[in-house]
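Worksheet: the structure to be examined is printed underneath.
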Amino acid sequence: MGLSEKLEVAVRDIENQFYLDDDFLIKASDFFEKSMKQGLAASKPSKECMPMIPTYVTSLPTGKEKGLYLAADLGGTNFRVCSVDLKGDHTFDLKQSKYKIPSELMHGKKADELFHYLATKINDFLCEHHQETTQKNGKTLKLGFTFSFPVEQTALDKGTLLRWTKSFDIPDTVGRDVVQLLQANLTVLEANVKVVALANDTVGTLLSRAYANNPEYTHANTVIGLILGTGTNGAYYATIDDIPKLKGVPEGTKGMVINTEWGSFDNTLEILPDTIFDQIVDSETTNKGYHMFEKRVSGLFLGEILRVALLDMFEKGLIFQDLYKARGGSLPHRLVEPWLLDSEVLSYIQIDDSTNLKMSELILQNTLRLPTNEDERIVIQRLTRAISKRASQLAAIPIASIVRVVKEQWKGDNRDLEIGCDGSVIEFYPGFRDAIMKSFNVIDPLKGSNKKVHLKIAKDGSGVGAALVAATTE
Ligand code: GLC
């Protein structure tokens with residue numbers, strides 16, 4: 001039995017709003033390339049411009065790097081501390097601890113509250129795993145700090161926060177040097193740690209994949225570091241002539257890794273789709289009007305877009321009507337409150353092929369305390385698929401555009417190109433990588449060459465990458 005006509009029309013209308021055609025992808029990719037160029041030329045960061053941040057990382061690892069380094073990674077909901085022993089043969093040993101950041105620190109008043117917490121966790125990690133550093137005059141370890149927010153970098157170990165993204169909002173941090181904040185708090189604790197480098201998670205992912213990759217065996221060169229999890233972003237190596245805004249780099253510097261901050265692609269919405277649901281989600285965020293691309297693509301937002309669309313259908317009297325009456329005029333609070341529908345839930349619903357969508361019924365009941373009838377589940381699954389399809393199509397745009405730019409660097413080399421990837425959506429969302437590649441092939445940036453592109457999961461990428469950045473310092 002299909003949906004009633006009224007419900008079918010309403011669902012189809014929403015599906016259509018999320019539909020993107022091939023022409024759009026091609027146009028959007030041209031526009032992305034133009035935005036990259038603008039961002040690389042603009043000397044001041046602005047809302048209209050993709051940040052395209054120079055990272056002061058001037059080469060990619062060869063796989064021969066050696067030594068013990070620390071890495072600390074602040075990016076989403078967890079803080080990770082690790083020590084990485086680089087073996088010099090594309091391999092490494094890793095020890096790590098993960099700490100869930102208390103939400104009051106994510107929205108705190110003072111930067112030091114958060115940075116004191118981070119320093120304490122680094123100190124705890126040293127006490128547990130590296131006693132040799134904890135005595136007075138103990139060995140000082142170099143630390144690479146992965147800080148996955150837009151930072152204006154002026155040196156490898158200097159960077160001021162431009163603005164918070166994802167769920168963080170501690171206003172007094174904006175405009176301050178995050179390396180200094182961390183170092184000062186480590187010094188208070190007398191930890192034998194020197195913060196020598198700052199890296200975005202995408203830069204870490206690019207470097208760690210480049211370290212692990214042995215082109216002799218994979219026949220591919222690593223060209224992009226990509227994150228698609230809570231947020232989305234990418235980094236790549238640009239030749240120096242392509243970065244007009246970069247002044248005063250040492251003679252002989254051939255290029256630099258650029259943190260694109262593509263989450264902020266098309267903040268002015270010249271071409272991005274903008275449904276009423278996207279608008280509502282944006283209005284609920286702390287960085288309204290910014291990171292508009294990310295808000296259509298990454299894990300933090302997919303569930304929220306679905307939740308908002310479902311409430312819209314409820315308000316139009318199309319779904320959850322019996323439930324509402326049975327509860328005496330209310331809906332489960334996890335459905336009503338923003339941000340509680342996790343994109344992991346969507347990943348199960350996406351591929352549910354059980355009879356009457358029984359699996360989705362259980363998941364919705366368990367995660368949202370939301371009882372559903374079969375029609376409602378059909379609606380939820382169709383909307384889930386429409387939202388995730390659009391996200392995968394959009395995700396292909398930066399990848400294809402950057403590949404078109406960097407392919408010039410590899411003209412004389414017939415190996416394939418590979419992209420180091422990390423993040424829950426790219427790693428675990430069913431079918432997401434294939435869907436990205438489908439749209440990538442529509443844009444077809446490698447037209448006329450025999451090269452292919454491979455998406456490679458770079459496990460623990462940002463931690464190992466930060467250690468690799470630290471390893472480049474004297
Ligand atoms: C957000 C941040 C960016 C980070 C990305 C993935 O877009 O602004 O710096 O790389 O999330 O974590």
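Counting begins at 1 with the first residue of the sequence. Atoms within each ligand, like the ligands themselves, are counted from 1 in listed order. Quick caveat, the model's predicted, so the values are computed rather than measured.
The single protein non-hydrogen atom nearest to atom 9 (O) of ligand 1 is E261 OE2, 2.6 Å, given as residue, atom name and distance. Among protein heavy atoms, atom 2 (C) of ligand 1 sits closest to S148 O, 3.3 Å.
Applying the 4.0 Å criterion to heavy atoms of N233 picks out, from ligand 1, the atoms 3 (C), 4 (C), 5 (C), 9 (O), 10 (O). Those atoms of ligand 1 that come under 4.0 Å of a heavy atom in T165, given as number and element, are 1 (C), 2 (C), 8 (O). Each of the following atoms of ligand 1 lies closer than 4.0 Å to a heavy atom of K166: 1 (C), 4 (C), 5 (C), 6 (C), 11 (O), 12 (O). Applying the 4.0 Å criterion to heavy atoms of E294 picks out, from ligand 1, the atoms 1 (C), 7 (O), 11 (O).
D422 and T205 share no side-chain donor-acceptor pair at under 3.5 Å. In summary, the side chains of T232 and E294 do not present any donor paired with an acceptor at a separation below 3.5 Å, with no hydrogens or angles considered. A donor-acceptor contact closer than 3.5 angstrom links the side chains of N200 and T202.
Using a 4.0 Å cut-off between heavy atoms, T230 makes no contact with ligand 1 at all.
Below 30°, between 30° and 60°, or above 60°: for F92 and Y211 the angle between ring planes is between 30° and 60°, a tilted geometry. F277 and F18 have parallel rings, their planes meeting at less than 30° on a 0 to 90° scale where 60° marks the start of perpendicular.
Taking 4.0 Å as the cut-off between side-chain N and carboxylate O, E270 and K34 do not count as a salt-bridged pair.
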Subject >> CA sep, side-chain torsions, deciding dist, call: K295, N287, side-chain hydrogen bond (donor to acceptor under 3.5 Å, both in side chains) >> reply: CA-CA 10 Å; K295 288 175 188 169; N287 59 343; 3.2 Å; yes
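Put simply, no part of G75 is less than 4.0 Å from ligand 1, judged by heavy atoms.
Considering backbone and side-chain atoms together, G263 places no N or O closer than 3.5 Å to any N or O of ligand 1.
The nearest non-hydrogen atom to atom 12 (O) of ligand 1, considering only I227, D201, T232, T202, comes from D201.
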